[in-house]
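Right, one structure below, let's go through it.
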Amino acid sequence: MKLRLLSLLVIALFTFNSCETIEFETMGQLVPLTVTEDTSLPSININGLLLHSETYGNPTDPMVVVIHGGPGGDYRGMLNYKQLAADNMFVVFYDQRGSGLSQRIDKSQYSAVQVFIDELDGVINHYRQNSNQKVVLAGHSWGAMLATAYINQKPNTISGAILSEPGGFTWQQTLDYIERSRALKLFDELTNDFVYQDQFITGSDHLTLDYKMALSTAGDVSLGDETSAPYWRYGSICNIASIELAMDNPDQMDFTTNLSNYPTKTLFAYSELNTAYGLGHAELVSGALPNVELIKVMDTGHEIPHFGWNNFYPLIQTYLKEVL
Amino acid sequence: MKYLITIFTLLIAGNAAAQNINWSTINDQQKTITYLNFGYDFGATTQIGYGKQVDGFRPMVWTVDYSFPKGKNLVDDFKVRLGGQLSIFEKNNFTLSAKVYGIFRHHQTKLVRMVNFGSEMSAIMGYYKPTWHLAGEFGFDKSIITELKHTEEMLRNFPSIRDGWVIPSGGHFYYGIQGSKTIGNHFELSLRAGATNAQNNDENALLPIYAQLGLVYKFPKK
């Protein structure tokens with residue numbers, strides 16, 4: 001009798017809630033389709049990988065290549081940059097390997113930081129009309145670190161750089177910043193939201209891990225921001241593999257070795273509300289650049305290109321007029 | 001009112017981090033226990049519970065407990081567990097016991113609401129004395145089925161995301177040590193600690209550990 005009652009209770013629970021079942025293996029149910037599954041998405045083939053990419057503006061105008069954060073994030077939260085197309089700039093967006101709506105790849109394809117630098121070089125060469133077309137890099141967070149890594153290797157090819165809160169230009173700087181900004185506060189609602197979900201869903205496949213990483217943003221909001229910036233898909237494998245790569249090869253994360261040969265002014269932005277960053281860290285990190293303009297963007301946390309755009313944009317316009 | 005309190009207790013009691021039972025101290029005079037635990041179990045958690053020894057062919061304790069992680073909202077995330085612990089074999093103060101539990105979990109963030117049914121099974125082998133015990137445990141916490149209901153904020157990022165049930169949704173093995181020490185006639189201090197390991201080479205939890213410090217009160221027989 002008791003067993004029958006229990007069975008009825010379980011049936012009732014299923015009946016009153018949605019009965020639809022979800023298969024993690026089925027594409028597009030819990031995470032969006034990438035360029036591999038949805039061929040209608042704009043894409044380019046760079047170094048054998050299909051990358052989600054789109055452009056705004058006249059292709060012959062000076063090029064601004066927008067480089068998103070993460071690793072594993074995407075450029076959706078940086079789409080405000082497309083406004084520069086109205087200022088006669090050719091704005092290029094791309095999702096890095098394994099990130100956003102770009103093709104998913106295995107861990108083995110993150111063998112060195114150099115693969116990200118070569119990929120950026122491939123994107124620039126793909127869109128660049130001729131060698132006289134000026135190129136400006138606009139990077140955020142990890143994207144600003146990648147932009148600096150590129151400049152460190154090819155200082156003569158870049159006409160300007162807009163960097164917003166790069167974690168660091170050395171691995172130690174980055175670790176120090178991560179420690180301040182991502183410290184687990186065990187008695188905090190957000191921290192517990194971040195770790196509590198682990199007992200509900202486990203997996204090792206791309207789709208499960210991407211979905212879990214998206215959910216983790218509920219408890220992993222950048223300091224100073226109330227929510228996360230919009231995104232399509234967090235590339236969890238990209239994130240995990242890149243962090244492991246950096247931990248195992250800290251020497252590859254030193255982007256300062258040749259910066260002294262980059263005389264062009266860099267626009268270096270930090271936010272008013274990200275208390276883990278601040279003027280102190282901005283001065284420390286930007287100190288490796290010979291010519292830098294430090295700016296504090298008001299009313300935003302770490303996600304400056306999204307939440308701080310209205311204050312950031314006029315400063316970018318002034319900067320671009322100066323360097324181009 | 002008493003009835004409501006009882007129902008509430010039954011509904012909210014339970015946690016995958018099971019209560020330590022010192023089989024040597026459970027006796028005819030103290031068949032009922034209640035406990036309060038603090039620790040880390042997929043979050044910094046507090047657990048309250050109630051247990052009762054029942055007569056059977058082997059010593060058995062039914063327990064029901066409830067745990068919730070810290071945070072400003074104490075009712076959006078919780079875990080309820082209902083089940084029993086059975087002493088299987090005893091010799092020279094050594095006891096082998098088993099636990100079987102049904103689990104109900106709830107998790108709400110600004111992106112998703114998760115409702116989950118699961119189970120837990122474990123084996124405990126240890127040395128039990130009237131005033132203390134030390135044991136090793138090995139178990140499996142299975143997340144059998146989870147309902148996902150996404151919020152407006154999640155839909156803004158991915159408008160066509162699906163709501164529904166995920167089967168099967170995951171699981172963790174756990175292994176560690178546990179112990180207890182009797183304090184006075186009615187109290188016991190208990191400790192559990194160990195590691196978790198996700199099933200099938202799945203990615204491990206961010207913090208793949210558990211730890212629990214608790215106090216047990218054994219009711220005197222009326």
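Chain identifiers are assigned alphabetically (A, B, ...) following the order of the sequence lines, protein sequences preceding nucleic acid strands; residue numbering begins at 1 within each chain.
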B:Leu148 and A:Tyr211: CA distance, side-chain angles, deciding distance, side-chain contact (heavy atoms from CB on, under 4.5 Å) verdict: CA-CA 12 Å; B:Leu148 305 171; A:Tyr211 176 65; 3.5 Å; yes
Residue pair A:Thr21, B:Val166: steps toward the side-chain contact (heavy atoms from CB on, under 4.5 Å) verdict: CA-CA 6 Å; A:Thr21 56; B:Val166 183; over 6 Å; no
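For chain B, the option among A:Pro230, A:Ser204, A:Gly203 with the highest count of heavy-atom pairs below 4.5 Å is A:Gly203. Ranked by heavy-atom pairs under 4.5 Å with chain A, the list B:Ala205, B:Gly171, B:Ser143, B:Ser169 is led by B:Ser169. Per-residue counts of heavy-atom pairs under 4.5 Å with chain A were compared for B:Lys149, B:Met114, B:Gln108, B:Gln199; the largest is that of B:Met114. Ranking A:Thr208, A:Val31, A:Ile240 against chain B, the residue ahead of the rest is A:Val31, based on heavy-atom pairs under 4.5 Å.
Within the 4.5 Å cutoff, side-chain heavy atoms of A:Gln199 are placed close to those of B:Lys79. The shortest side-chain heavy-atom distance between B:Ile167 and A:Glu23 does not fall under the 4.5 Å cut-off.
Distance check, rounded to the nearest 0.5 Å: OG of A:Ser216 to CG of B:Leu111 gives 9.0 Å. Put simply, CD on A:Gln197 and CG on B:Asp77 are 11.0 Å apart, with the number rounded to the nearest 0.5 Å. The distance from atom OG1 of A:Thr202 to atom CG of B:Asn200, rounded to the nearest 0.5 Å, is 7.0 Å.
Residues A:Ile22 and B:Arg162 approach most closely at CD1-O, 3.6 Å, considering heavy atoms. Between B:Phe42 and A:Tyr196, the closest heavy-atom pair is O-CD1, 2.9 Å.
In this structure A:Tyr94 satisfies the ring pair (Phe, Tyr, Trp, His ring centres under 6.0 Å) test with no other residue, sequence neighbours excluded.
In this structure, chain B has no heavy atom under 4.5 Å from any part of A:Arg233.
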In residues 152-161 of chain B, what donor-acceptor pairs under 3.5 Å come from side-chain atoms, sequence neighbours left out?
from: B:Asn157; atom 1: OD1; to: A:Tyr231; atom 2: N; distance (Å): 3.2

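Taking the six-membered ring for Trp and the full ring otherwise, A:Phe200 and B:His172 have centroids separated by 6.0 Å or more.
Within a 6.0 Å radius of CG in A:Asp248, more than 12 heavy atoms belonging to other residues, nucleotides or ligands are found.
Listed for the A:Asp198 side chain is a donor-acceptor partner under 3.5 Å among the backbone atoms of B:Leu206.
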